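Because the structure is a prediction, the values reported are computed rather than measured. Chain letters run A, B, ... following the sequence lines, proteins first, then strands; residues in each count from 1.
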There are 2 protein chains.
Amino acid sequence: MLTDRQLLILQVIIDDFIRYGQPVGSRTLSKKDKITFSSATIRNEMADLEELGYIEKTHISSGRVPSEKGYRYYVDHLLSPERLTPDDMRKIKSIFAERIYELEKIVQKSAQILSDLTSYTSIVLGPAVKDNRLKRLQIIPLNRETAVAIIVTDTGHVENRMITLPASVEASDLEKMVNILNERLVGVSIAELKDKIYREVANVLRTHIYSYDSMLKTIAETLDIPQEEKMFFAGKTNMLIQPEFNDIEKIRSLMAMIEQEKDFYRLLRQNSKKGIQVTIGRENQLSGMENCSLITATYSAGEEQLGTIAILGPTRMEYSRVIAILQRVASDLSTALTDWYQNS
Amino acid sequence: MLTDRQLLILQVIIDDFIRYGQPVGSRTLSKKDKITFSSATIRNEMADLEELGYIEKTHISSGRVPSEKGYRYYVDHLLSPERLTPDDMRKIKSIFAERIYELEKIVQKSAQILSDLTSYTSIVLGPAVKDNRLKRLQIIPLNRETAVAIIVTDTGHVENRMITLPASVEASDLEKMVNILNERLVGVSIAELKDKIYREVANVLRTHIYSYDSMLKTIAETLDIPQEEKMFFAGKTNMLIQPEFNDIEKIRSLMAMIEQEKDFYRLLRQNSKKGIQVTIGRENQLSGMENCSLITATYSAGEEQLGTIAILGPTRMEYSRVIAILQRVASDLSTALTDWYQNS
DNA sequence: TGTTAGCACTCACATACATCGAGTGCTAAA
DNA sequence: TTTAGCACTCGATGTATGTGAGTGCTAACA
């Protein structure tokens, strides 16, 4: 167990390193207000902290740098909660300045403001479509072979895709079918649509529609809506400003990782537990993340979790500030969206 | 005017530099097969070429490097057309392997393949929506206040947006209005929609619709569809591999430029004249492009120009290869889309 | 017994300097 | 007109050396 003095030293080392990005030595520490004992004492304590794995040296006679374990302890136990400045608050409020029409717009704007505020990269996931309910299905034939199918949800989200019409299908049949589908499926949640078709609607269709067989598959495919949340990035190049990324190789692997959206999406989904989550360096099991930390928060409407907002920064990230900002944005976003869904 | 021997030397210098990225000296040149005279002669010729501004030294006793003027001359007069390898051809064909359903998909895939083939960054613009014609307009009320308006074009492109309904509007009126709009506007090109409403449809609406005044503006806004082509990037990080970008500052300004999509879009639009266009280094009047060249080609369906495909690479780019690839992809894309539009 | 002053030691980093080699321009001979 | 030869330039590379911020350890101190 760490003594109070060791904790103090660990905290001051990390605070200083986050601020200046330079290894912290015993002399520097001894000059801090909070620290009342000499550099020699500090050296002894630091040797212990190093042995316990909370700090590291970059080389044998250098100052100390926090290890991942150190950051972890810092985040879990030592974080001093930070108050947002009025300016920060103003910027966050500006996300909601205009009336919300489209969810995606506000989500995108959140990402933008988050990266502005933090100078790191921000990622916003969501909002999930799967719990939305079908408002209207429409199939609009373009020519003999193809049509575009449009699905509108109760939240105003629109999905569309091209479909190939079976050669045998009649325009009147198509219309009839769309009517039946709307009658039966409006109000059903998007995730259940496909299932419901086979369970309940297939029979009705069979009795009414001539080219039933060939259409059923087409329709089922049509309603098989991708349920992955969209991912919005902002400030992708902000990481280039961070001094730890002045090495081309690091930049390359980081950028490659970000561009490889699939893996990154998976990583974010792993962090979608409610509340603030911090994963530090190699805790993120994704190559390219060695020098990065990811902080995520979830937002929701009412009880239902809608998505995730996240900040990707160097491990030497301003954790307390970023957490404060994320908490605030997530909560404001949740409030706004709860309102929005209630009025829908 | 340059002599034949000067042209030969210029060509060999640029070919060599494009290949190896190192300043080219007289000794290196004298060993090339094509060159039958001594290094001393070459030195004399190079001094002349330098005086004329076609090549430069990186420092006083270094080999020569092509200047922008040199590249320009090379591209305009010295380019030896390159044949694509079977492997390249195969990859290009793979763009069109699947049946085309959605234009965007194929455009995106083109961008992907282009960046794969070249190891540079590719950008694809388009296809433009403005010459498409309205197939169907739909307004689906979500609640008392808001509705989602959906516009489908004859090419199957779907645009949607949220609108606020005037408080006074009746559901039956809304339906009536949508019917009128569809009757009058189907087949009208997207670019002319807004105009046509005021010129021809407004009067009809006035006589049939109760809350005419409040609706008209909403409708006009709804139909004011953004006519900018979408921009698809692929291989954004490919430039990081190029040895000329081993300088952090260069990477930063390049990445910042790419992320700043607006300006880049404008730049691309400037290069939208038909056929292949090459702009070298500072010919692109956009900061961050100093060390880059942009090669663009346009694609079309029938007579109508639809968009642009482009490659962004270092000034030391494999011009002839990239041009050959772009030409091929643009032409295949045009053929495919011409077909596609004919069947629509 | 915990704390501190003092000291020898380490190592990254900066500076200075020598060396090397690919390249140049110029001159004079072929 | 071409080319061989030569002195010269300059970036790159390697080596020596000094500086300073940092360390660990020991012994004296409160």
| message | Among B:Arg321, B:Arg328, B:Arg83, which residue satisfies the salt bridge (Lys or Arg N to Asp or Glu O under 4.0 Å) criterion with B:Asp88? | response |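 When salt bridge (Lys or Arg N to Asp or Glu O under 4.0 Å) is applied between B:Asp88 and each of B:Arg321, B:Arg328, B:Arg83, only B:Arg321 qualifies.
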| Do you see a donor-acceptor pair shorter than 3.5 Å between the side chains of A:Arg43 and A:Ser26? | yes
| Side chains of B:Thr279 and B:Asn284: is there a donor and an acceptor less than 3.5 Å apart? | yes
Nearest-Å distance for atom pair [atom1]/[atom2], residues [X] and [N]:
X: A:Glu50; N: D:dG24; atom1: CD; atom2: C1'; answer: 11 Å
X: A:Ile13; N: D:dT23; atom1: CD1; atom2: C1'; answer: 13 Å
X: B:Ile42; N: C:dT24; atom1: CD1; atom2: C1'; answer: 13 Å
X: A:Phe17; N: D:dG22; atom1: CZ; atom2: P; answer: 13 Å
X: A:Arg27; N: D:dG24; atom1: CZ; atom2: C1'; answer: 18 Å
X: B:Asp48; N: C:dC26; atom1: CG; atom2: C1'; answer: 14 Å
X: A:Glu45; N: C:dT1; atom1: CD; atom2: C1'; answer: 14 Å

Could you go through nucleotides 3-5 of chain D and list every protein N or O atom that sits under 3.5 Å from one of its N or O atoms, giving the distance for each pair?
{"unit_1": "D:dT3", "atom_1": "OP2", "unit_2": "B:Ser38", "atom_2": "N", "d": "3.1"}
{"unit_1": "D:dT3", "atom_1": "OP2", "unit_2": "B:Thr41", "atom_2": "OG1", "d": "2.6"}
{"unit_1": "D:dG5", "atom_1": "O6", "unit_2": "B:Arg43", "atom_2": "NH2", "d": "3.2"}

| field | Over 12 foreign heavy atoms within 6.0 Å of CZ, B:Arg27 | value | no
| query | Can you find a pair of side-chain heavy atoms, one from A:Gln277 and one from A:Asn271, that are under 4.5 Å apart? | reply | yes
| field | Pair A:Tyr74 and A:Tyr54, ring centroids less than 6.0 Å apart | value | no
| task | Would you confirm whether A:Gln11, through its side chain, and A:Leu78, through its main-chain N or O, come within 3.5 Å as a donor-acceptor pair? | result | yes
| query | Counting N and O atoms only, with roles assigned by atom type, does the side chain of B:Tyr71 sit under 3.5 Å from a partner on the main chain of B:Gly281, one being a donor and the other an acceptor? | reply |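 No; judged by distance alone, with no hydrogens or angles, the pair does not exist.
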| message | Within residues 52-65 of chain A, which residues have any heavy atom lying less than 4.0 Å from an atom of DNA chain D? | response | A:Lys57, A:Ser61, A:Ser62, A:Gly63, A:Arg64
